[in-house]
Protein chains: 2
Amino acid sequence: MSSEVTEPGTGPAGAAPTLSEVAKRAGVSSITVSRVVRMPDLVAPETRARVEQAMRDLGYIPNLVAGALASARTNSVGVLVPTIANSIFADTVQGLSDKLEPLGFSVILAQSRYDAAREDRMLAALLSRRPEAIIMVGSPATEEGSRLLRNARIPIVETWDLPANPIDAVAGFDNYKAGVAVAKHLVAQGRKHLAFIGGDDPRGTRRWFGFRDEALASGRAEPRRLILDRKDSGSVAAHARLPDVDAVFAANDAHAIGFMSGLRKAGLLRDGPASAQPVAVIGLGDLEMGQLISPTLSTISVHGDAIGRTAATLTLERGGERRIDLGFELVLRDSG
Amino acid sequence: MSSEVTEPGTGPAGAAPTLSEVAKRAGVSSITVSRVVRMPDLVAPETRARVEQAMRDLGYIPNLVAGALASARTNSVGVLVPTIANSIFADTVQGLSDKLEPLGFSVILAQSRYDAAREDRMLAALLSRRPEAIIMVGSPATEEGSRLLRNARIPIVETWDLPANPIDAVAGFDNYKAGVAVAKHLVAQGRKHLAFIGGDDPRGTRRWFGFRDEALASGRAEPRRLILDRKDSGSVAAHARLPDVDAVFAANDAHAIGFMSGLRKAGLLRDGPASAQPVAVIGLGDLEMGQLISPTLSTISVHGDAIGRTAATLTLERGGERRIDLGFELVLRDSG
DNA sequence: TTGTTCTATGTTAGCGCTAACATGGTGCGA
DNA sequence: TCGCACCATGTTAGCGCTAACATAGAACAA
């Protein structure tokens, strides 16, 4: 990345051409070139053609860094997710980026890896690039992160949850209610011994609380809660640690499918409908995969891409509702 | 995003504080503040403490846009992927971002959605932000894209393939050989009627060619090739369109699992080992999911995150090997 | 003492672009 | 014919920072 060495590529020698080089070549002033790039309608057709020719000749690529400094608009949005691999958050990133890219916004992506310190560092790093908005999964884990965002004076969208005191805008669903819905369903199905498996991140924990509260309210014993790390594989062995359980809510589909794999090994999985399952399993996320396995996975369906698109919209608009609940659906298939 | 309206947040009023405001408050010149931020060792401890206090008081966040313009270093890397949702490319993005973020680089993410025109637009958009390198999945689809990258005079890393005439650096594996390896295995297993399902993107097509060539070389009839769009679900019905086939190579695990789901409905899937399967299925990608389903999925394992990490390294280093073959492994489990 | 070498800090200029404000024509109604 | 609006283009200044080059004082050897 040093510049003393010969650079790759066979392009024109020397530094990238600038606005004023284009201007000189076209015999106009730089502002005219700038207008051709940004407001072509303001430039006379012949002048425009001459400038466009000069841009082509030189292989001019506008420098948005300089443009951003001069105009105080970066046309970029910072996006912070816990993780992007094997994750439903990828849907959200895809959704928001599909919405923002056509408008000329770039997505600056950062991962916190569920680490509060890293999250704060990434927030500071994002803000130092002066994005015009920040979209994040969840809410800042620390006071410091929260302060950074509040002071940033740009739209902030928290997603995948409905925080009580949002910094600014929200696009998500009620994780607590999702837990309630699952418990309600399992109880109605006559399940007696409930358990919850998943991470202990804020959203997972909120699901757990809803699940537990509803189970207790229905006269069941307090469900067991197994905290797993972020690898599906941990869930395979989970069954051994949950004897006598006849219904499991997994905080995400990957854990659910892993758990079912453990059940299969234990001979506790049927290819029949939910009523035939010795142990009911409900996931969350509605991965396409869930419909392809056998038995098909019952799950809480969440619209990850809609969350992303909505977050993008909230980023662009100032007025209107700033708290959007995209809800969820309990999709019943064969696993529970 | 307009600034006339009251901004959200409860932070200090007015615009974000600048270097020189911090300098004034600390009673030093701006360059000293700049040094405290970037090379603290050059500043006397007392001065540094005073400056740091001033930064805290004002809630100063460095403006990297201005810094980038002045220093001609943006500390950012452009990343272009076909798609990020439900995709193994997410592993690659995660890998490279894990490597780059600690070094102070930001990832600017763009998606082409397998659309050549959009790819060119995204490349131009990325370049206009003056990233210090570009990492992309595959190679530019058009001459124009190729030209843009060659003229950019920054490191370019093409991934997930081993192009014959790379623009600069490469981190990938041989998709053709992957197809060969699968065909070889299926033939050795005594399979007679081979088929390939998957997309017709460049890498999928390369896998197909390897698969077909090896099948023909082994005396099999030309395998059938079914081109599916990017939804797993298409693969469920694929079996109906491939009667008499006894071995299938799916260009990715999602398609493989979908196809197996179709087989199950047709009563052509056993819980036993590969030798018991009426139809062998091999995927590509080695999703964790593949080990959790039954029968477990045989697949070509590709190290998506290693590709990302390697690409990041190639981005940072100038010397050394610029073409890295990360290989693949045929992982045999129960599906074929 | 004098010159030399550090160390800590400052001054100047400019990165490439855009906002805001000219300017100089042209057309046209009164 | 004047005055005014309007269109196309230009001039000026500056966004917030950093590179490169001062400078001033302290430490120290000869």
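In what follows, chains are A, B, ... by sequence order, proteins preceding strands, each numbered from 1. Computed from a predicted model, the values in this text were never measured in an experiment.
OP1 or OP2 of D:dG10 sits under 4.0 Å from a side-chain N or O of A:Thr32. For the OP1/OP2 pair of D:dG16 and a distance below 4.0 Å, the side-chain nitrogens and oxygens of B:Tyr60 include no atom meeting the criterion. Put simply, B:Ser34 has a side-chain N or O that comes within less than 4.0 Å of OP1 or OP2 on D:dT18. For the OP1/OP2 pair of C:dC17 and a distance below 4.0 Å, the side-chain nitrogens and oxygens of A:Ser20 include no atom meeting the criterion. Side-chain N/O atoms of B:Ser71 include none lying less than 4.0 angstrom from OP1 or OP2 on D:dT18. Dashed line: the shortest gap from a side-chain N or O of A:Arg48 to OP1 or OP2 of D:dT9 is not under 4.0 Å.
Looking at which nucleotide of DNA chain D each of B:Ile31 and B:Ala66 is closest to, the 5′-most match is held by B:Ala66. For the pair A:Arg38 and B:Val43, nearest-nucleotide mapping onto DNA chain C gives the more 5' position to B:Val43.
Side-chain atoms of B:Ile61 and A:Arg130, non-hydrogen and from C-beta on, do get closer than 4.5 Å to each other. At least one side-chain heavy atom of B:Leu316 sits under 4.5 Å from a side-chain heavy atom of B:Leu100. Using a 4.5 Å heavy-atom threshold, the side chains of B:Arg73 and B:Glu132 count as touching. Two residues are said to be in side-chain contact when any heavy atoms from C-beta on lie closer than 4.5 Å; A:Glu119 and A:Thr142 fail this criterion.
Within 4.0 Å (heavy atoms only), B:Ala44 reaches sugar-phosphate atoms of the nucleic acid but no base atom. Heavy atoms of A:Arg35 sit under 4.0 angstrom from at least one base atom. In this structure, B:Ser30 reaches neither bases nor backbone, as no heavy-atom distance under 4.0 Å exists between it and the strands shown. If you check every strand for non-hydrogen atoms under 4.0 Å, A:Thr18 touches sugar and phosphate atoms only. Among the atoms of the strands shown, none is found under 4.0 Å from any heavy atom of A:Val65.
Atoms CG (B:Leu58) and C1' (D:dG16) sit 15 Å apart, rounded to a whole Å. We find that CG of B:Leu127 is positioned 17 Å from C1' of C:dG16, with the value rounded to whole Å. Atom pair B:Leu19:CG and C:dC15:P shows a separation of 19 Å (rounding to whole Å applied). Between the P atom of C:dT7 and the CD atom of B:Glu46 lies a distance of 16 Å, rounded to the nearest Å. What separates CZ of A:Arg129 from P of D:dG16 is a distance of 18 Å, to the nearest Å. The nearest whole Å value for the distance from the CD atom in A:Glu21 to the C1' atom in C:dG16 is 11 Å. In this structure, CG of B:Leu64 is placed 15 Å from C1' of C:dC15, rounded to the nearest angstrom. The separation between A:Leu69 atom CG and D:dC15 atom P is 9 Å, rounded to whole Å.
One cannot find a donor-acceptor pair under 3.5 Å joining the base of C:dG16 and the side-chain atoms of B:Arg130.
No side-chain N or O of B:Arg129 forms a donor-acceptor pair with one of B:Ser76 less than 3.5 Å apart.
Using a 4.0 Å cut-off between charged side-chain N and carboxylate O, A:Glu21 and A:Lys24 make no salt bridge.
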